[in-house]
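Following: one structure in structure tokens, then a few remarks.
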2 protein chains.
Amino acid sequence: MDSNHKPERTRLTAENWELAALQMIADHGVGALAVEALARELGVTKGSFYWHFRSREALLQAALDRWEEYGEREVLGQIEKIADPRQRLPELFRRVAHELQPHRVYAALLKALDHPLVVPVMARVSKRRTEFLETAYREAGLVPREALNRARLTYAAYVGFLQLNFTLGLPRLNHDEFDSYIEHMIATLIPA
Amino acid sequence: MDSNHKPERTRLTAENWELAALQMIADHGVGALAVEALARELGVTKGSFYWHFRSREALLQAALDRWEEYGEREVLGQIEKIADPRQRLPELFRRVAHELQPHRVYAALLKALDHPLVVPVMARVSKRRTEFLETAYREAGLVPREALNRARLTYAAYVGFLQLNFTLGLPRLNHDEFDSYIEHMIATLIPA
DNA sequence: ACGAATCCATACGGGTGAGTATGGGGCGCG
DNA sequence: CGCGCCCCATACTCACCCGTATGGATTCGT
């Protein structure tokens with residue numbers, strides 16, 4: 001430990017700033033995304049930041065774009081590999097339930113829905129995911145109107161769960177309670 | 001129109017500030033709760049505010065307390081009058097669905113779950129409402145474990161719906177689509 | 001090796017919003 | 001009538017944070 005407590009050093013790239021921004025958003029919310037605080041975190045000063053980005057909002061936009069692109073590629077990409085449509089929904093539920101880490105940014109963005117830059121991103125992501133659920137429910141045998149409503153209900157339950165248990169940390173479910181809840185959700189929402 | 005465009009005048013009381021604060025929270029979120037902005041809204045200056053309240057946080061706390069107390073008295077009080085437990089849940093769903101106005105503060109508070117003063121309030125409110133749903137589901141015939149999980153699922157769906165359709169304004173449901181969604185929710189979540 | 005491009009530090013200006021100090025005006029009450 | 005208390009205006013200070021200006025340091029191309 002010859003220099004700082006943050007072992008990062010040497011030159012930075014725009015990607016470094018964007019990833020650090022996403023980390024900051026996940027930890028302390030969009031409102032805490034300040035350039036001087038980020039610079040401290042990275043062991044540099046504002047002088048560095050304003051070389052890579054035109055403004056604070058430009059960084060936020062870049063970070064959101066990166067997050068959205070990553071989310072589409074990772075979350076939905078894996079699921080579409082599951083061939084059997086009947087197994088797709090339960091498997092989706094179980095996988096999503098056990099990857100809590102990637103949802104931290106999503107939960108933080110849910111709390112920043114007043115910010116103009118956040119709204120269109122969340123609108124696109126929510127729309128795509130709901131449509132994905134809708135086709136999955138149709139493949140599972142629901143008629144179109146029911147599939148649409150069930151998709152909306154499912155995604156609302158997902159978002160609400162994030163808010164209540166993740167952000168609020170409300171009932172602090174242990175592992176068994178959590179699994180029990182997920183299986184109950186599968187039994188209730190997915191048609192037999 | 002001899003004076004201001006805001007027809008409020010004469011001396012103010014602490015209650016006036018708290019109600020104006022809740023209005024501001026509902027309209028522009030907790031972050032927009034600034035004392036100078038509120039003072040402008042009420043047609044006075046900061047000098048007035050700091051006579052009634054010690055700080056900005058004191059106002060926020062008072063407003064939250066008022067909202068929590070009002071919510072318990074109004075929302076849950078009406079529902080408990082419904083005698084038949086079988087009719088209680090569908091009736092609850094339909095009533096809650098058609099009173100969107102009282103939910104605006106709740107939706108705004110959902111976006112302020114990083115604020116230390118907001119978290120305990122939301123934790124208490126969510127806990128009470130989930131427990132209310134749990135007993136209602138038990139009265140409707142579910143076994144205890146299922147009643148608990150179904151209550152959590154229902155409340156999560158409620159919270160997520162607020163976030164997606166209220167705050168985000170996503171699919172912009174019209175009246176028929178909205179009713180269709182509510183009835184689908186009743187058919188899916190409430191045991192026959 | 002040496003100039004040029006890249007990356008960063010230092011220092012400053014400006015805007016915003018919380019909190020304080022202090023005095024003045026309205027209103028009840030004797 | 002005039003005295004005192006309640007309510008509010010004015011005018012500050014202070015802290016924070018965005019953005020700019022400019023020069024220094026490091027690295028890369030050739």
Side-chain angles (χ1 to χ4, degrees), chain A residues 2-25 27-64 108 111-112 114-118, chain B residues 2-25 27-64 108 111-112 114-118:
Chain A
D2 52 350
S3 52
N4 331 41
H5 46 299
K6 290 290 170 185
E8 333 284 346
R9 72 196 81 271
T10 67
R11 331 298 277 279
L12 297 178
T13 168
E15 184 174 356
N16 295 131
W17 285 97
E18 295 170 13
L19 293 178
L22 287 176
Q23 186 65 40
M24 181 69 91
I25 289 174
D27 289 342
H28 303 98
V30 175
L33 187 60
V35 337
E36 306 193 67
L38 258 190
R40 257 193 309 277
E41 199 74 16
L42 290 172
V44 292
T45 65
K46 312 194 316 182
S48 170
F49 176 83
Y50 284 98
W51 192 92
H52 294 282
F53 295 93
R54 189 175 40 77
S55 69
R56 188 201 103 115
E57 288 217 328
L59 169 67
L60 177 57
Q61 185 66 62
L64 290 176
K111 298 186 291 187
D114 11 31
H115 196 110
L117 290 183
V118 175
Chain B
D2 52 348
S3 51
N4 331 40
H5 46 300
K6 290 289 171 184
E8 333 283 347
R9 71 195 82 274
T10 67
R11 329 300 275 279
L12 298 176
T13 168
E15 185 175 355
N16 295 129
W17 285 97
E18 294 170 14
L19 293 178
L22 287 176
Q23 185 65 41
M24 181 69 91
I25 289 173
D27 290 342
H28 304 98
V30 176
L33 187 60
V35 337
E36 306 195 65
L38 258 190
R40 257 193 310 276
E41 199 73 15
L42 291 172
V44 292
T45 65
K46 313 194 317 183
S48 170
F49 176 83
Y50 283 99
W51 192 92
H52 294 283
F53 295 93
R54 188 176 40 77
S55 69
R56 187 200 105 116
E57 288 217 328
L59 169 66
L60 177 58
Q61 185 67 62
L64 290 176
K111 297 187 294 185
D114 14 29
H115 197 110
L117 291 183
V118 175

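Convention: sequence-line order gives letters A, B, ...; per-chain numbering from 1. Just so you know, these numbers come straight off a predicted model, no measurement behind them. Atoms considered below: every heavy atom in the structure, side chains included; atoms not considered: hydrogens, waters and symmetry mates.
For A:Arg40 and D:dC17, the CZ to P distance is 7 Å, given to the nearest whole Å. The nearest whole Å value for the distance from the CH2 atom in A:Trp51 to the P atom in D:dT20 is 16 Å. Distance CZ (A:Phe53) to P (C:dC8): 12 Å, rounded to an integer number of Å. Between A:Arg11 atom CZ and C:dC7 atom P there is a gap of 7 Å when expressed in whole angstrom units. In this structure, OH of B:Tyr50 is placed 18 Å from P of D:dA11, rounded to the nearest angstrom. Distance CZ (A:Phe49) to P (D:dT20): 11 Å, rounded to an integer number of Å. D:dC12 atom P lies 13 Å from atom NZ of B:Lys46, rounded to whole Å. Atoms CG (A:Leu59) and P (D:dC18) sit 11 Å apart, rounded to a whole Å.
If you check D:dC8, C:dA18, C:dC8 against the side chain of A:Leu12, the one that comes closest is C:dC8.
At D:dC6, none of the side-chain N or O atoms of B:His52 fall inside 4.0 Å of OP1 or OP2 (strictly under the cut-off).
Just one residue in the list B:His28, B:Arg56, B:His115 forms a side-chain contact (heavy atoms from CB on, under 4.5 Å) with B:Leu33, and that residue is B:Arg56.
Contact check for B:Trp51 versus B:Leu12: no side-chain heavy atoms found under the 4.5 Å cut-off. Between A:Leu38 and A:Phe49 the shortest side-chain heavy-atom distance does not fall below 4.5 Å.
Here the closest heavy-atom approach between residue A:Phe53 and residue A:Ala62 is recorded as CE2-CB, 4.1 Å.
Take the nearest nucleotide of DNA chain D for A:Gly47 and for A:Ala34: the residue whose nucleotide is more 5' is A:Ala34.
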